[in-house]
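From a predicted model like this one, the values you see are computed outputs, not experimental measurements. Order of the sequence lines sets the chain letters (A, B, ...), proteins ahead of strands, with each chain counted from 1.
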2 protein chains.
Amino acid sequence: MNASPRRKELTRLAAQLFVQEGFDKTTVRMLAQAMGIKSGSLFHHFKDKQEILAAVIEEGTHNALAIARRTLESSPPDPEARLRAMARAHLETLFTDRNAHVVALFEWRRLDDDAKAHLSHLRDAYEALWVDVIDEALDAGLIHGDRFLVSRFVLGALNWTVRWYDPAGPRTPDDLADELVAMIMPLKRQGGL
Amino acid sequence: MNASPRRKELTRLAAQLFVQEGFDKTTVRMLAQAMGIKSGSLFHHFKDKQEILAAVIEEGTHNALAIARRTLESSPPDPEARLRAMARAHLETLFTDRNAHVVALFEWRRLDDDAKAHLSHLRDAYEALWVDVIDEALDAGLIHGDRFLVSRFVLGALNWTVRWYDPAGPRTPDDLADELVAMIMPLKRQGGL
DNA sequence: CTCTTACACTAGCGCTTGCTTGGTTACTCA
DNA sequence: TGAGTAACCAAGCAAGCGCTAGTGTAAGAG
């Protein structure tokens, strides 16, 4: 809804605190302090605490969707390249916008029903892009299996990386993406690295 | 620690509430009511709320580890069969003991440092079993890639199923396990179902 | 018949929570 | 210059929180 620069900055700070402490344990007083204001002033920017959570998740999901669309537009028609590009884009967003995405993945249940209904459309649109790319790979015979199962296994493997991946380590997100694609498409990998 | 039958039953009820409401939003009064006692009486069985969470997670992880060990013991030495058996066992525990495992996966951060240190040993032991099985499959040339990456991708894909799998649907957990194994090992699947 | 143990109760303390209210400040634009 | 507005603050309310203290009761052990 409202997208003032101030509100965007506050949303970013909130995302960080939600990741550090969890949504429920983050008090409006903590949020206010991190933002350099008093707790009462928070409610000038957000109707209630729920709306802050919704703003964080909406921001993250919206970005991910935009990046995925751009990635697919500027991607060649080759199914393997598109699959790899999607995996790379997914991990790239996941780790540049990490806080927002961790919140989206692990605090989703804290949303009230209205917010959930609204945001699940965004999420479904994102997953639909994945199912399309998986479909292309299936049609091309690169991978095998049920389109939904494969999509969900792949997304699960990718999303779970936020639980163990250390950006300071030797591996880049692109390395992870390539390894995953190689794992489900070993025929292409036989002679490679 | 203490494992009276009464306490086990209370732990089971707590797991259910923690899944429904989340740990932080589950009050000791809600827990007590679900158990048919008053909130004060709760603290006869558990030192504090934290200990209930730890009990839930310990119970679930302990079971998973026991089942995985039993599975591997009664499994033939064939790497493919062992991999499939582990995947099936993982999903089976995940969905028979679903509440405890959902709590373990998504409320881990709420544990205090001592409990985390204690329970991460259990979890690491479980993951080590997986790395072994993955290693065997790598050595046999069934799959390719980095042992840790493959283990984590596979565990991620499996754990993520709790987010979307519907036990009332047409597919059994064994179906899921077989599909996943087929996905990362397509050579074996070419002529099959 | 007493002592112990397990389990439960009532009552409430001290604190924190999300949020409201009524008023103040600083900036923008006619 | 003065009206309008966005951003903030001080103060605090009502509700709910985890947890404690002190007591009661029933069953089994000696």
Side-chain angles (χ1 to χ4, degrees), chain A residues 1-59 103 107-116, chain B residues 1-59 103 107-116:
Chain A
M1 306 253 178
N2 177 357
S4 71
R6 179 75 174 136
R7 183 171 152 129
K8 270 210 167 178
E9 171 67 8
L10 298 183
T11 304
R12 218 184 45 81
L13 282 166
Q16 191 190 334
L17 268 174
F18 288 162
V19 169
Q20 265 174 44
E21 314 286 335
F23 175 70
D24 289 323
K25 289 224 133 177
T26 304
T27 69
V28 294
R29 287 166 177 80
M30 294 164 66
L31 286 165
Q33 191 178 20
M35 297 164 177
I37 59 180
K38 300 292 168 161
S39 72
S41 312
L42 236 179
F43 296 91
H44 171 75
H45 300 277
F46 302 93
K47 175 173 137 279
D48 54 22
K49 198 185 165 192
Q50 273 283 329
E51 198 180 272
I52 310 181
L53 177 61
V56 168
I57 296 184
E58 173 155 22
E59 169 83 4
V103 171
E107 307 284 356
W108 180 269
R109 306 157 25 84
R110 301 286 159 269
L111 289 169
D112 59 36
D113 288 344
D114 288 348
K116 235 180 273 189
Chain B
M1 304 259 180
N2 178 356
S4 72
R6 180 76 174 134
R7 184 173 153 129
K8 269 211 168 177
E9 170 66 7
L10 299 183
T11 304
R12 218 184 46 83
L13 283 166
Q16 191 189 333
L17 269 174
F18 288 163
V19 169
Q20 264 174 42
E21 314 286 335
F23 175 70
D24 290 323
K25 290 222 133 179
T26 304
T27 70
V28 294
R29 286 170 239 271
M30 293 165 65
L31 287 165
Q33 192 178 17
M35 298 165 177
I37 57 180
K38 300 292 165 148
S39 72
S41 313
L42 235 177
F43 296 91
H44 172 74
H45 301 278
F46 301 93
K47 175 173 135 280
D48 54 21
K49 199 185 163 192
Q50 272 284 329
E51 198 181 271
I52 309 180
L53 177 61
V56 168
I57 297 184
E58 173 154 22
E59 169 83 4
V103 171
E107 307 284 356
W108 180 268
R109 309 156 23 85
R110 299 286 159 267
L111 289 168
D112 61 36
D113 289 344
D114 287 348
K116 233 179 276 188

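If you take CD of Q33(B) and P of dT10(C), they are 13 Å apart, rounded to a whole angstrom. Between F23(B) atom CZ and dC17(D) atom P the separation is 13 Å, expressed in whole Å. One can place CG of D24(A) at 12 Å from P of dT17(C), the figure rounded to the nearest angstrom. One atom, NZ of K47(A), and another, C1' of dG18(C), lie 12 Å apart when rounded to the nearest Å. Between K49(A) atom NZ and dT20(C) atom C1' there is a gap of 17 Å when expressed in whole angstrom units. In this structure, F46(A) atom CZ and dC8(D) atom P are separated by 11 Å, rounded to whole Å. When rounded to the nearest whole Å, the span between CD1 of I52(A) and C1' of dT17(C) equals 14 Å. dT17(C) atom C1' lies 16 Å from atom CZ of R110(A), rounded to whole Å.
Within 4.0 Å of K38(B), counting heavy atoms only, lies at least one base atom of the nucleic acid. Across all strands, S41(B) comes closer than 4.0 Å to base atoms (heavy-atom distances).
The environment of E9(B) atom CD is dense: over 12 non-hydrogen atoms of other residues, nucleotides or ligands sit within 6.0 angstrom.
Residues I52(B) and F18(B) meet the side-chain proximity criterion, which asks for heavy atoms closer than 4.5 Å. When side chains are defined from C-beta on, T26(A) counts as touching L31(A), because their heavy atoms get closer than 4.5 Å.
At dC8(D), one or more side-chain N or O atoms of H45(A) fall inside 4.0 Å of OP1 or OP2 (strictly under the cut-off). Close to dA8(C), at under 4.0 Å from its OP1 or OP2, lies no side-chain N or O of H44(B). Here R6(A) reaches the OP1 or OP2 of dC8(D): one of its side-chain N or O atoms lies under 4.0 Å away.
Closest to the side chain of R29(A), out of dC19(C), dC8(D), dG12(C), is dC19(C). Comparing atom distances between the F43(B) side chain and each of dC17(D), dT20(D), dT10(C) picks out dT20(D) as nearest. Of the candidate nucleotides dG18(C), dC19(C), dC8(D), dC19(C) has the atom nearest to the side chain of D48(A).
A donor-acceptor pair under 3.5 Å is absent between the side-chain atoms of Q33(A) and the main chain of S39(A), judged by distance alone.
DNA chain C is contacted by both G40(A) and M30(A); M30(A) maps to the nucleotide lying nearer its 5′ end (nearest heavy atom per residue).
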request  = Begin with the C-alpha distance, continue with both residues' side-chain angles, and end with the deciding distance and a verdict on salt bridge (charged side-chain N to carboxylate O under 4.0 Å, His left out) for R7(B) and E59(B).
outcome  = CA-CA 11 Å; R7(B) 184 173 153 129; E59(B) 169 83 4; over 6 Å; no

